[in-house]
Colleague: 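This is the structure I want to talk about, given as structure tokens.
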Amino acid sequence: VIGGSGLYQMEELQDVEERRVSTPFGDPSDATILGTLSGERVAFLPRHGRGHRLLPSEVPYRANIYALKSLGVERIISVSACGSLQEEIEPLHMVIPDQLFDRTQGRPSTFFGEGIVAHVSFDTPFCPDLSQWLYDSARSSGVKVHRGGTFVVMEGPQFSTKAESHFYRSLGGAIIGMTALPEAKLAREAEICYATLACVTDYDVWQEAEEPVTQEIVVRNLKQNVERAKVILQAIIPTIKRERPCICVQALAGAIATQKDLIPTETREKLRLLLGKFLE
């Protein structure tokens, strides 16, 4: 579980231990907390660090995904605060999006480079199986939840202008936030299933009948969303199957374009966690 704004710890975890993981891409946002939730071992990482110390642009996304991969994580549920771009998606609703639209700027969005090229498929950015289980668990928890929709990811940290908000609406965007990318791209490169539980806090700034979005409004609604998200996370754990027949498992198969014997030794070692089975 990667916890977004407001979700910095999970009191429901039992048999807890804290792991600080070093990666070739620097230190993660914080220590990873390992514990038992609904009978299964779960890793929890606060995206912005405990105490919310990192801007969306400062989150070490590569280090976070690499650290979780090194701990044996195969599936990631991302909990993210977001604004709504559609009337029917009201504050305090939740959304399980199925598409992404990237409006970030300058964030490292791949593990590759430095002598190795890989192009993974990303037409379906969220794991269909994990997203369905997440939707079913949200419904069973009594939460008003929407299945599908495009998640627009902006740079931030400022909220949208009215012009931007109306533009994203005109494109058919459902919700808008600041952190789902490059997180989802990196999870796909790491062959980790990834799904987002998007917690709606506001109507962004397009809705003239509502007061403009402020941090105060976001925090007020965030507290309610976080408690609901924790219930959903407890509900989904027992429903997740061990097998992974989804597209995520073999994301790198056929994606590596570089001739193996031309990959620099240093890069090979740096990415062995991700590429070991392809390079041996």
Side-chain angles (χ1 to χ4, degrees), residues 1-2 18-34 43-49 53-78 100-127 130 153 155-156 178-196 244-280:
V1 177
I2 298 180
E18 186 174 297
R19 293 274 190 92
R20 292 201 173 271
V21 181
S22 296
T23 85
F25 300 94
D27 293 331
S29 297
D30 210 316
T32 302
I33 307 301
L34 303 180
F44 174 78
L45 179 63
R47 181 184 289 116
H48 298 279
R53 297 172 286 104
L54 298 169
L55 288 169
S57 308
E58 294 177 324
V59 172
Y61 296 98
R62 291 188 295 182
N64 287 353
I65 299 299
Y66 191 100
L68 293 174
K69 177 78 172 181
S70 72
L71 291 171
V73 168
E74 294 183 336
R75 293 183 171 98
I76 291 174
I77 297 173
S78 158
L100 285 165
F101 189 84
D102 195 348
R103 293 289 293 162
T104 63
Q105 303 170 26
R107 301 181 185 183
S109 61
T110 180
F111 289 110
F112 299 102
E114 300 179 354
I116 181 170
V117 176
H119 303 284
V120 299
S121 295
F122 201 59
D123 60 314
T124 306
F126 298 100
C127 174
L130 189 56
V153 187
E155 185 63 30
M178 301 180 188
T179 56
L181 289 166
E183 201 169 80
K185 291 181 177 179
L186 295 164
R188 181 60 53 82
E189 288 189 344
E191 298 184 325
I192 298 175
C193 299
Y194 183 91
T196 288
R244 293 204 297 155
C246 54
I247 58 175
C248 318
V249 183
Q250 295 293 330
L252 287 176
I256 302 166
T258 306
Q259 189 174 312
K260 289 183 181 181
D261 59 349
L262 296 180
I263 299 172
T265 301
E266 184 177 347
T267 302
R268 183 184 293 261
E269 291 305 313
K270 184 178 182 179
L271 297 179
R272 186 164 295 278
L273 177 67
L274 308 182
L275 297 178
K277 63 182 179 180
F278 298 104
L279 299 179
E280 294 172 357

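For clarity, every value in this text was computed on a predicted model and none was experimentally measured.
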Colleague: For Leu34 and Arg19, run side chain to side chain contact (heavy atoms under 4.5 Å, CB included): C-alpha distance rounded to whole Å, both residues' side-chain angles, the deciding distance at 0.1 Å, then the answer.
Modeller: CA-CA 7 Å; Leu34 303 180; Arg19 293 274 190 92; 3.7 Å; yes
Colleague: About how many Å separate CD1 of Ile65 and CZ of Phe25, when rounded to the nearest 0.5 Å?
Modeller: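 Here the rounded value is 11.5 Å.
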Colleague: How far apart are the C-alpha atoms of Ile2 and Tyr61, what are their side-chain angles, what is the distance that settles it, and do they pass the side chain to side chain contact (heavy atoms under 4.5 Å, CB included) test?
Modeller: CA-CA 11 Å; Ile2 298 180; Tyr61 296 98; over 6 Å; no
Colleague: CG of Leu279 to CZ of Arg272: how many Å apart, nearest 0.5 Å?
Modeller: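 Atom-to-atom, Leu279:CG and Arg272:CZ are 6.5 Å apart.
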Colleague: Is it the case that more than 12 heavy atoms not belonging to Arg53 sit under 6.0 Å from its CZ atom?
Modeller: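 Atom CZ in Arg53 is crowded, with more than 12 foreign heavy atoms closer than 6.0 Å.
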Colleague: How close do Arg107 and Pro182 get, heavy atom to heavy atom, and via which atoms?
Modeller: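 Result for this residue pair: CD-CD, 3.8 Å.
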Colleague: At their closest point, which heavy atom of Gly49 faces which heavy atom of Leu54, and how far apart are they?
Modeller: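 For Gly49 versus Leu54, the nearest heavy atoms are N-CD1, 4.5 Å.
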Colleague: Are side-chain heavy atoms of Leu271 and Phe278 found at a separation under 4.5 Å?
Modeller: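 Heavy-atom side-chain distance check fails, nothing below 4.5 Å.
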Colleague: Can you list everything that forms a salt bridge (Lys or Arg N to Asp or Glu O under 4.0 Å) with Arg103? Sequence neighbours excluded, please.
Modeller: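 Arg103 satisfies salt bridge (Lys or Arg N to Asp or Glu O under 4.0 Å) with no residue once adjacent residues are dropped.
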Colleague: Hey, could you give me the CZ/OG1 distance between Arg188 and Thr110, rounded to the nearest 0.5 Å?
Modeller: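 Rounded to the nearest 0.5 Å, the CZ-OG1 separation comes out at 13.5 Å.
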Colleague: If I take atom OH from residue Tyr66 and atom CG from residue Leu71, how far apart are they, to the nearest 0.5 angstrom?
Modeller: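 With rounding to 0.5 Å, OH (Tyr66) is 11.5 Å from CG (Leu71).
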Colleague: Indicate yes or no: does Arg47 engage Asp30 in a salt bridge with an N to O separation below 4.0 Å.
Modeller: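 Result for this pair is no, no salt bridge flagged.
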Colleague: Report the C-alpha separation of Thr23 and Arg62 in whole Å, then their side-chain angles, then the decisive distance to 0.1 Å, and conclude whether the side-chain hydrogen bond (donor to acceptor under 3.5 Å, both in side chains) test is met.
Modeller: CA-CA 9 Å; Thr23 85; Arg62 291 188 295 182; over 6 Å; no
Colleague: Compare every heavy atom of Pro28 with every heavy atom of Pro60, then report the nearest pair and how far apart it is.
Modeller: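 Minimum heavy-atom separation between Pro60 and Pro28: CG-C, 3.7 Å.
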Colleague: Looking at Ile76, Ile77, Leu130, which one forms a side-chain contact (heavy atoms from CB on, under 4.5 Å) with Tyr194?
Modeller: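 Looking at Ile76, Ile77, Leu130, the match for Tyr194 under the side-chain contact (heavy atoms from CB on, under 4.5 Å) is Ile76.
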Colleague: Applying salt bridge (Lys or Arg N to Asp or Glu O under 4.0 Å), which residue pairs with at least one partner in residues 249-263 are found, sequence neighbours left out?
Modeller: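 Every candidate salt bridge (Lys or Arg N to Asp or Glu O under 4.0 Å) pair involving residues 249-263 fails, so no pair, neighbours aside, qualifies.
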Colleague: Compare every heavy atom of Ala43 with every heavy atom of Leu68, then report the nearest pair and how far apart it is.
Modeller: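 Reported closest heavy-atom pair: CD2-CB, 4.2 Å.
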Colleague: Does anything in residues 68-77 pair up under side-chain hydrogen bond (donor to acceptor under 3.5 Å, both in side chains), and if so which pairs, sequence neighbours excluded?
Modeller: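 Not a single pair qualifies under side-chain hydrogen bond (donor to acceptor under 3.5 Å, both in side chains).
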Colleague: Heavy-atom count around Glu114 CD within 6.0 Å, excluding the residue itself: above 12?
Modeller: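 Open: at most 12 neighbouring heavy atoms sit under 6.0 Å from CD of Glu114.
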Colleague: Where is the tightest heavy-atom contact between Arg244 and Cys193, given as atom of each residue plus distance?
Modeller: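 Minimum heavy-atom contact is NH1-SG, 3.3 Å.
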Colleague: Only one of Leu181, Thr104, Thr179 forms a side-chain contact (heavy atoms from CB on, under 4.5 Å) with Pro56, so which one is it?
Modeller: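 Exactly one candidate clears the test, Thr179.
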Colleague: Could you check if a side-chain atom of Glu191 sits within less than 4.5 angstrom of a side-chain atom of Leu252, using non-hydrogen atoms only?
Modeller: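 Heavy-atom side-chain distance check passes, below 4.5 Å.
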Colleague: Rounded to the nearest 0.5 Å, what separation is found between the CD1 atom of Ile116 and the OG1 atom of Thr258?
Modeller: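 So the CD1 of Ile116 and the OG1 of Thr258 are separated by 5.5 Å.
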Colleague: Mind listing the closest non-hydrogen atom pair of Pro46 and Ser29 along with its distance?
Modeller: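 Taking Pro46 first and Ser29 second, the nearest heavy atoms are O-CB, 3.3 Å.
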Colleague: How far does CZ of Phe111 sit from NZ of Lys270, to the nearest 0.5 angstrom?
Modeller: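 One finds 10.0 Å between CZ of Phe111 and NZ of Lys270.
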